Amino acid sequence: MRLLPWIAVRVAMLAVSLTVLSVLVFWATEVLPGDAVGAVSGPEATDAERAAVRVSLGLDRPAPERFLKWAGAVLRGDLGTSMVSNRDVGEILTERAGASLAVVIPAAVLILLFAGGLGIWAGLRAGSRLDRWLTGSTLALVGTPDFLIATALLLVFTLWWPVLPAVAIVPLGQSLWQHPDLIALPALALALGGFGSTMRLLRASVTQTTSTPYAEFARLNGVRGARYVRTIVTNAAGPAVHAFTIMTAGLLGGGIVVETLFNVPGLGYELARAVATRDVPAVQGLSLTLGAATLLILLAGDLAVRLLNRGKEAS
Amino acid sequence: MSGRRRIVAGTSTLAVLLLALIGPWLVRGSISTPVAVPYLSAGGENLLGTDVLGRDVLARVLTGGRSLVLQAITATLLGSVFGLMLGIATAVTRHRRTGQALLRVVDAFAAIPALLLLLLLASGVTGSDAAVALAIALVSIPFSVRVIHERTAALAATDYVRDALARGESLPARIHYDILPGLAPVALAETGIRFVAATQLAATAGFLGLGAGAPAANWGRMVRENSTGLTMNPLPVIVPAALLIVLAVGVTLVLDRAAGRRAGGMEEAGALT
């Protein structure tokens, strides 16, 4: 398929995915039993009071009508007002995104360096002692839920070696970026969570490339050292980019856990809080944004892989 | 991985599963009334000390695993059954367009972060363990459908299945005699991988405070509740965390070979959370 039609198809699929997501978000927050009425009116409200709240929130209207109204507002960039803090959800979003990025970007860089380096190394020496050790230990890392990795770090750095603050408390009026010591632990926790699977995918891709005919051809022609590594790595790049996009998209989900544990005032922390307080507009806005970000990252990754492969075909 | 390590991983996982399931029967007295001051160190009457509210940690550890394990098992079974049905259906259907359209919808679901879906669905039905199990099952279905679909499509293209089609065998007969035997190993490995992911998600759900409400014990929630008292009594965090790690990592290690055969399988499971 040519590039432009391909992009058009992918963008259309993205739109479909976003529509599915928005229906799901709306259905889960407004149609399922635990809807906004209970949150606003409180547990001791009488039936009459609940009915009044229902009408005042517009929840007496049929669900499809309310969905279209909500979706229309979202398309115009209006995410509504938080029911807990009475602030504009869009405003909260932009404020929280900064803190999330302050953790996600260092984590992604860490993974890029370590998973990249070790993945290539282990892949080039498949079956060696180091490779076996790395594959074994990363398998355990992959099996461990993110929040336990984060807790383990917390344990180490509060109990046995208390050099870093366990909880991110940002002084008022400052951003998280000004406090690298507060970023270190959450970023490390996030990086460890994504490291295992990324390294394993990269290793598999490099190993596969070393057994291809052109890798053998390069070896037979006496290509050694850095040049050989470059040959292998450039040819293993497609799957590697794919692995990194999946990892980056996963970091957003892992962020919910890590931010909650370390009290990082990011999107995930805010979402978990909004779910706990049943702040419906905030849950809707935050989950839609996180979902859209994930889908966009995956699309960007697909596009990068596609462009890489095109370059290969042309040469 | 050596067979010995696999056996060790297998038995310890079974032990934790057993502890989680029969644990609640071993507890005498209440798990929610405070028995001493908060974060009392281990020893004496409270073998593992007390937690953030002064409750007995041992009793809470014993009761905190069952709902989690049951959630994971229910979600795995539900997810596998639906994944199997949808996966086979999309691969053998004569309405290729419908099958493809269904796969596109499944893909759209797979792209949404699992934890986000879990939070959303659990927020719609608050405080329910069943809702968490259902949400985990929903999250895992797209991955199952993909794997089962690919394998079934490959099997459906084999000569003996075409042969059966030409003989005029009915669809149920073809699925039963020609497709299922070849599908079984993949489906089993897939179910195992789903179980690992489901355990992780169930624990994370507990950690985030979804599922049954506050006084109920939950290994995931215990880790969160007690993380402020690490310096005074780390046991209410370490013990449930260790049990969860043995459970999740143990199954991962046992499945290692099966997962490795299907390249990238375990990595996908890891990406779920």
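Proteins get letters first, then strands, A, B, ... in listed order; numbering begins at 1 in each. What you see below is based on every heavy atom in this structure, not just the backbone, and it leaves out hydrogens, waters and symmetry mates. Being a predicted model, the structure only gives us computed values, none of them experimental.
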Next on the checklist: Determine whether Thr151(A) and Arg224(B) satisfy the following criterion, side-chain contact (heavy atoms from CB on, under 4.5 Å), listing intermediate values before the conclusion.
Outcome noted: CA-CA 9 Å; Thr151(A) 306; Arg224(B) 165 99 175 271; over 6 Å; no
Next on the checklist: Set out, in order, the CA-CA distance, both residues' side-chain angles and the distance that settles side-chain contact (heavy atoms from CB on, under 4.5 Å) for Leu120(B) and Val25(A), then state yes or no.
Outcome noted: CA-CA 7 Å; Leu120(B) 267 173; Val25(A) 166; 3.6 Å; yes
Checklist entry - Passes side-chain contact (heavy atoms from CB on, under 4.5 Å), Val196(B) versus Val142(A)? Steps please. => result CA-CA 10 Å; Val196(B) 177; Val142(A) 170; over 6 Å; no
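Here the closest heavy-atom approach between residue Ala248(B) and residue Pro145(A) is recorded as CB-CD, 4.2 Å.
Within the 4.5 angstrom heavy-atom criterion, only side-chain atoms of Leu117(B), from C-beta onward, approach chain A. Of the atoms belonging to Val20(A), it is side-chain heavy atoms, and not backbone ones, that fall under 4.5 Å from chain B. If you measure heavy-atom distances from Val257(A) to chain B, the contacts under 4.5 Å come from both the backbone and the side chain. Proximity to chain A is limited to the side chain of Leu208(B), based on heavy atoms less than 4.5 angstrom apart. In this structure, the portion of Met13(A) lying under 4.5 Å from any heavy atom of chain B is its side chain and not its backbone. Heavy-atom distances place the side chain of Leu298(A), and not its backbone, under 4.5 Å from chain B. In this structure, chain B has no heavy atom under 4.5 Å from any part of Ala204(A).
Taking the side chain as every heavy atom from C-beta outward, Leu244(B) and Phe147(A) approach each other to under 4.5 Å. Side-chain contact between Leu116(B) and Leu271(A) is present, with at least one heavy-atom pair separated by less than 4.5 Å. Side chains of Leu148(A) and Gln200(B) form no contact here, defined as non-hydrogen atoms less than 4.5 Å apart.
Heavy-atom pairs under 4.5 Å with chain B peak, among Leu286(A), Leu155(A), Val283(A), at Leu155(A). Ranking Ser287(A), Ala292(A), Ser17(A), Ala140(A) against chain B, the residue ahead of the rest is Ser287(A), based on heavy-atom pairs under 4.5 Å.
Counting heavy-atom neighbours within 6.0 Å of Phe67(A) CZ, excluding the residue itself, gives a total above 12.
Rounding to the nearest 0.5 Å gives a distance of 10.0 Å between CZ of Phe207(B) and CG of Asp146(A).
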